[in-house]
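Notes to accompany the following structure.
A quick note: this is a predicted structure, and the numbers were derived from the prediction, not measured. So that the names make sense, note that chain A is the first sequence line, chain B the second, and so on, each numbered from 1.
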Amino acid sequence: MSHHAPAIVERRLWVLPALAGTALICAVWQPYAPDAIDMLNRHGAPTLAHWLGTDHLGRDVLARLMAGMGRTFLALGIVATMCVMLGLAVGLAAASTSGILRGALLRVAEFASVMPTLVVAIAIVSLLGFDAVTAGIALGLGAWGPYALLADGLARRALSEPYVQAARALGGTKSRLMFRHVLPAVLDTQLAYLGAKLGRIVIAYAALAFLGLGADSSRPDWGAMLFEYRLYMFDHPALMLWPGFAVVVTCAALRTALGQDRGARVPASSGDTAAALECADLHVHGAADNPVATGVETARRTG
Amino acid sequence: MPRAAIAEGLRALLLLWLASLAAFAVVRAMPADPAVLSLVAFGQAADPDTVAALHREWGLDQALPLQYAAWLGDFLTGDWRRSFKTGAPILDEFAKRLPVSLIVGFGGLFVALLAVGPLARGAAKRPNGWAARVLDAATLGAQAIPAFWLGCLLLWFFAVELRVIDVLGEGPARYVLPILIVAFTGLGPLAQVYRAGLAEVSRADYFRTALAKGADPDTALEAQGGRYARLGLSAALTAEAGWVVGGTAVVEVVFGLPGLGTFLVDSIAMRDYFVLQAYIVVAAAWMLAIAFVAAGARHLLDPRLR
């Protein structure tokens, strides 16, 4: 399977750089300072100067949405990097060892999967304070578990494949085996799984910002804006619409680029990881004889 | 089998113990002193004597390992301590609030399941039919629309524009919208898994054989593939059910429901140590319990495991 093109190549991948580019521009430039208050222009209607109008403090809604996009993608990048790196490190380490160390690594990964992501993230965010970076770290710490279990299952399966056995028989060192043969096979599925989950991460970040937890509401996060603007539901419902639209459009675009999140079908490589995988909203088919090829192919098709 | 069951039980206990340790560590690492926060909340001056007295009363003046051991002992014997904020026993508070979260969570899953069967069967039979379209739209919607935004929109539409639902009133009516939102988020993943299972069976040789023998397609699909598809569905349902105690917080906050989620958010703001510790352990125990039930269900549905 290492000879196949990565699963995500088949998708409409141009959407991804377009989104990231937009996010980058939004992060560094906004038409107005996102927290510039103008009390003479409260609840302004959309005009040429303020395309989406102004909010209850006269702040430019478009500028706040743009700053929010930059922050969302910063958090998204952190979560994605953490999930893949931690997942690969722990998963491959577990797959290449045995005995107590392997057991310990898998228990830690299971534990990370069992804890509900949002609860872990809420606790960590209240520890570190809320901004895009800490929220990204918090969500990443809450979400990496399944990636490690996935990597372990796939890597162990790959290690028993005939071509990897052949490479080992030819005298390949363990690290070479891991990097040349196992890593590509694991990374492929790992990225496909991550791609399908990106939309969920965007929503989780918005949910965390929505809950706020005592942080000041001047942060231009989409979730925090929703929390703030929902109080003006009666008189100015349009305010509440824009941040939600921003989340929906972003998630829909991510799905167009990377496929949908139907849950990768992961082989239940061993009974002990299956339970934890299910908790981590992977849809495991319980049969132990489910070949990994099916899992990989399903992941290719669905995300 | 008994040995495997014992090992499984020990593993669950180990995970729970780890959860309690992590809960204690994370909660105590949070900056800000609950005694100071409480005094401020009650409009009292936070002078050092009063703070020290509160610490003594709550047992926070002991060394951390001693505090942990004492709390764990109390927790296991059913004394979950009292909330700093309300002064009420935490166990009672949980018993009062858990049903609210369960009604929203399981009510939503139940409503979703009602729609899963017809939609998935229709979509499996006709990949381009209306059921498939509705299902795909619902799946995309659930992945792209944040539940709390949907909640705000529904509140605005039904309570502000139409004035048909008294959302802030007591009574069963206030559960309608939250349950529908949970159903909406759960429908897509559940129905897609069920549909995929049925579609897989409908492509299998043995299903074609059944058709060749003259079986009615609907009956044959249920007879040949119903159990297989429900096996997949039970796994998906597990993932969704794990969400009930961890994930309804935002929906509860939007609708002001007195469930566990709102309790969690309030308690974090007040650094209500024992509430948070109890919550994290309960959430982990819930996940394990769901996984256990799911394993049992798989055992019943999958003859290969017997």
Side-chain angles (χ1 to χ4, degrees), chain A residues 107-108 110-111 114-120 122-124 126-127 129 199-200 202-203 206-207 210-211 213-214 222-223 226-227 230 233-234 237 240-241 243-244 247-252 254-255 260-263 271-272 274-276 278-289 298 302, chain B residues 4 8 11 14-15 18-19 22-23 26-27 29-31 139-140 143-150 152-153 155-156 160 189 192-193 196 231-232 235-236 238-240 242-243 245-247 249-250 253-254 264-265 268-269 271 276 279-280 283-284 287-288 290-292 294-295 298 302 304-305:
Chain A
R107 285 303 93 73
V108 172
E110 267 178 34
F111 177 65
V114 167
M115 302 295 283
T117 303
L118 196 64
V119 176
V120 175
I122 287 173
I124 295 172
S126 60
L127 210 102
R200 279 202 182 199
V202 169
I203 291 183
F210 180 83
L211 290 177
L213 307 168
W222 293 340
L226 261 176
F227 188 80
R230 114 205 116 95
M233 185 187 286
F234 292 90
M240 191 179 77
L241 291 180
V247 176
V248 171
V249 169
T250 306
C251 291
L254 283 172
R255 186 188 121 130
Q260 59 178 300
D261 169 15
R262 277 182 194 169
D272 54 330
E278 284 159 7
C279 296
D281 64 45
L282 289 169
H283 305 317
V284 178
H285 283 236
D289 56 355
T298 311
T302 60
Chain B
E8 194 66 23
R11 226 165 45 85
L14 178 71
L15 280 175
L18 277 177
V26 167
V27 167
M30 283 163 50
T139 311
L140 171 62
Q143 280 169 33
I145 303 174
F148 48 91
W149 188 53
L150 189 61
C152 291
L153 290 183
L155 262 184
W156 167 69
V160 181
Q192 293 289 8
V193 171
L231 185 61
T238 313
E240 297 298 320
W243 201 73
V245 162
V250 275
V253 169
V254 169
L264 171 75
V265 173
I268 283 180
R271 304 287 186 270
L276 297 177
Y279 183 89
I280 294 177
M287 288 289 212
L288 286 172
I290 290 289
F292 182 74
R298 259 206 315 275
D302 192 345
R304 289 169 299 186
L305 292 177

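B:Leu155 contributes atom CG, which lies 5.0 Å from atom CE of A:Met233 (distance to the nearest 0.5 angstrom).
Looking at every heavy atom in both residues, B:Leu140 comes nearest to A:Arg255 through CD1-CD, 3.2 Å. The shortest non-hydrogen separation linking B:Val250 to A:Ala207 is CG1-CB, 3.9 Å. Contact between B:Leu15 and A:Arg107 at its shortest, heavy atoms only, is CD2-O, 4.1 Å.
Put simply, of B:Cys152, B:Ala284, B:Ala19, the one with the most heavy-atom pairs under 4.5 Å next to chain A is B:Cys152. Between chain A and the options B:Ala147, B:Ala144, B:Ala29, the largest number of non-hydrogen pairs under 4.5 Å is found for B:Ala144. Per-residue heavy-atom pair counts under 4.5 Å with chain A were compared for B:Ile145, B:Val27, B:Val254, and the maximum is reached by B:Ile145. Of the listed residues A:Ala252, A:Gly223, A:Pro243, A:Pro237, the one with more heavy-atom pairs under 4.5 angstrom with chain B than any other is A:Pro237.
Side-chain contact check for B:Phe148 versus A:Leu211: every heavy-atom pair is 4.5 Å or farther apart. Using a 4.5 Å cut-off on side-chain heavy atoms (C-beta onward), B:Pro146 and A:Val248 make contact.
With a 4.5 Å cut-off on non-hydrogen atoms, B:Ala22 touches chain A through its side chain but not through its backbone.
For A:Val108, the side chain to side chain contact (heavy atoms under 4.5 Å, CB included) criterion is met by A:Trp144, not counting sequence neighbours. Evaluation of the side chain to side chain contact (heavy atoms under 4.5 Å, CB included) rule for A:Leu241 yields A:Phe245, B:Trp149, B:Leu153 as partners, not counting sequence neighbours.
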